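Here the structure is laid out as C-alpha cells; the discussion comes afterwards.
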Amino acid sequence: MLRFAVVGIDHGHTFDHVKGLLAAGGEFVGYCPRTSVPALRETFEKIYPDAPQIDREKLFDDPSIGVICIAAIPRDRAGIAIRAMKAGKDVMTDKPGVTTFAQLEEVRKTVAETGKIFSICFSERHCVRSAVKAGKLVADGAIGKVIQTLGVGPHRLQLPTRPDWFFDPEAFGGIIVDIASHQVDQFLFYTGSTSGEVIASSIGNFGMPDKPAFQDFGEVLLRSDRAAGYVRVDWFTPEALPTWGDGRLTILGTEGYIELRKYIDIAGRPGKDHLFLVNGKEMTHIDCSGEKLDYFDAFTADVANRTQTAMTQDHVFEVCRLSLEAQTKAARIGAR
C-alpha cells in the first residue's frame, strides 16, 4: 500500500491530493501543520481528525512513507520536492512545481540522480471529469486530428482569504507560471505535442493599483510542430458568478470540436463538467459528472512499478519550461 504524507498546506489543492490518493487505496500517514493560511490547517483538522500532525523532518526521515504531497507557497515547492526526493520519496506537487529556471534545473538534476518521480497534479485536467472525458474522445478520434486548443482560466480574487505572498510575483511565480501552467499542460496533452514554443505572451495589472507588482491578466500564444494554442488567465471573475471561475477549453480538430465548460454552464444546465461535442455525425452535450479520475490510480501504479503512465517526466518538465519562458518574455500591457 502506498503510504503518503503532506508537507506544505498553503493552497486548497492539497485536499485534491489527499482525496485522490485515498480513493486510489493509499494510506494518509500525517501532515506537517506549518502553513501561511491557518484556515487550511483548521480545515485539515476537521476533515481528517485522525491524521497526526508531524514535524516535516520526521516525515522525510520515515522510510515507510513513499510519497510526499506538496501545496506549499509556490516558491518553496521545488525545495521541498528536492528534499523529499533526496530522502527517497516520490513527489506529487501542486502547480506550479517550480517558479524559476534555476529551480527547474535543480529538480531535473535531482530526478536524474535519485530516479524518483516528480509529478505535478494539474488539477484543471487531472481533477476535472470533463477534461478526462475529452482526452478519451480525442484519443478515439472523435474530432479528427487536433490542430488548436483555446483555454481560459478566469479566477476570483477573494481578497479577504489571500495571504501576503499571494501578491508577490517572486512568491507565486507570476500569473502565467501560477495559473497558465494548467493550460500549457492541456495544450501539450490534447495536441499530442512533446514540445512547444512560446510565440508571444503578455501580463498586466488592470484592477489593483494598490498592488502594482501583482498581475491580474495573462495571455500566451503557443505553437508546436503539430498544433497551435492560445491561453488567457485572469483574476476578474464577477461576484454574481456562483463559482470561482468559468473555466473553459475548446479543442479544435480536423473533423469537429469539443468545448468544455468545466465548472458552470452559465444560464444553462445545472452542475459542472459539461462537454459539448460537434462533429460530422452528432452535436451533443455529455454530462461528465460520473467520469472516473484516472490520474491518482495511474500515479499510484507508477510509484509501485516505476513507470510513467500518469504523465511522463518529460511532459512535466516541458510544461514548466514553457510556462517559465512565457512568463519571462511577457510584454507588460495596460495602464499600470
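Quick caveat: nothing in here was measured; it's all calculated off a predicted structure.
A salt bridge is defined here as a Lys NZ or Arg NE, NH1 or NH2 lying under 4.0 Å from an Asp or Glu carboxylate O, and Glu106 with Arg108 fails to meet this definition. Classification of Glu325 and Arg321 as a salt-bridged pair holds, one side-chain N sitting under 4.0 Å from a carboxylate O. Between Asp168 and Lys211 there is no salt bridge, since none of the side-chain N atoms of the basic residue sits less than 4.0 Å from a carboxylate O of the acidic one. A salt bridge is defined here as a Lys NZ or Arg NE, NH1 or NH2 lying under 4.0 Å from an Asp or Glu carboxylate O, and Arg75 with Glu170 fails to meet this definition. The pair Arg232-Asp216 does not count as a salt bridge, with every side-chain nitrogen at least 4.0 angstrom from each carboxylate oxygen. A salt bridge is defined here as a Lys NZ or Arg NE, NH1 or NH2 lying under 4.0 Å from an Asp or Glu carboxylate O, and Asp94 with Arg77 meets this definition. The pair Lys136-Asp294 meets the salt-bridge criterion, since a charged nitrogen lies less than 4.0 angstrom from a carboxylate oxygen.
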Begin with the C-alpha distance, continue with both residues' side-chain angles, and end with the deciding distance and a verdict on side-chain hydrogen bond (donor to acceptor under 3.5 Å, both in side chains) for Asp10 and Ser36.
CA-CA 6 Å; Asp10 298 275; Ser36 63; 2.6 Å; yes
Trace of the ring-ring contact (aromatic ring centres under 6.0 Å, His included) decision for Tyr263 with Trp244
CA-CA 8 Å; Tyr263 312 113; Trp244 57 268; 4.6 Å; yes
As a quick check of understanding, evaluate ring-ring contact (aromatic ring centres under 6.0 Å, His included) for Phe236 and Phe217, giving each step before the final call.
CA-CA 8 Å; Phe236 288 106; Phe217 176 87; 7.7 Å; no
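You'll find the side chain of Leu241 reaches within 4.5 Å of the side chain of Ile264, heavy atoms only. Phe44 has its side chain out of reach of Pro33: every pair of non-hydrogen atoms, C-beta onward, lies at least 4.5 Å apart. Taking the side chain as every heavy atom from C-beta outward, Leu159 and Met208 approach each other to under 4.5 Å. In this structure, Arg156 and Thr243 have side chains that are not in contact, with every pair of non-hydrogen atoms separated by 4.5 Å or more. Considering only heavy atoms from C-beta on, Ile258 stays 4.5 Å or farther from Thr250 through its side chain.
In this structure, the side chain of Lys116 engages the main chain of Gly88 through a donor-acceptor pair within 3.5 Å. Under the 3.5 Å distance criterion, the side-chain polar atoms of Thr99 are left unmatched by any main-chain donor or acceptor of Gly173.
Relative orientation of the Tyr48 and Phe15 rings is parallel, given thresholds of 30° and 60° on the angle between their planes. Between His13 and His182, the two ring planes are perpendicular [angle over 60°; tilted spans 30° to 60°]. In this structure, His274 and His285 have tilted ring planes: the angle between them lies in the 30° to 60° band.
Note: the hydrophobic cluster containing Val146 does not contain Tyr230 (ILVMFWY, side chain heavy atoms under 4.5 Å, direct or indirect links). Residues Val316 and Ile176 share a single hydrophobic cluster, defined by chaining ILVMFWY side chains whose heavy atoms lie under 4.5 Å apart.
More than 12 heavy atoms of other residues, nucleotides or ligands lie within 6.0 Å of NZ in Lys329, so this atom counts as buried by the packing criterion. By the 6.0 Å contact criterion, CD on Gln158 is enclosed, its count of non-hydrogen atoms from other residues, nucleotides or ligands being greater than 12. Atom OH of Tyr257 sits in a sparse spot, with 12 or fewer heavy atoms from other residues, nucleotides or ligands closer than 6.0 Å.
Side-chain polar atoms of Asp273 and Ser289 form no donor-acceptor pair below 3.5 angstrom. Defined by atom type and a distance below 3.5 Å, a donor-acceptor pair is present between the side-chain atoms of Ser224 and Ser193. For the 3.5 Å distance criterion, the side chains of Glu318 and Gln313 fail to qualify, holding no donor opposite an acceptor.
Looking at every heavy atom in both residues, Phe206 comes nearest to Ile333 through CZ-CG1, 3.9 Å. Pairing each heavy atom of Ala51 with each of Phe28, the nearest pair is CB-CE2, 3.7 Å.
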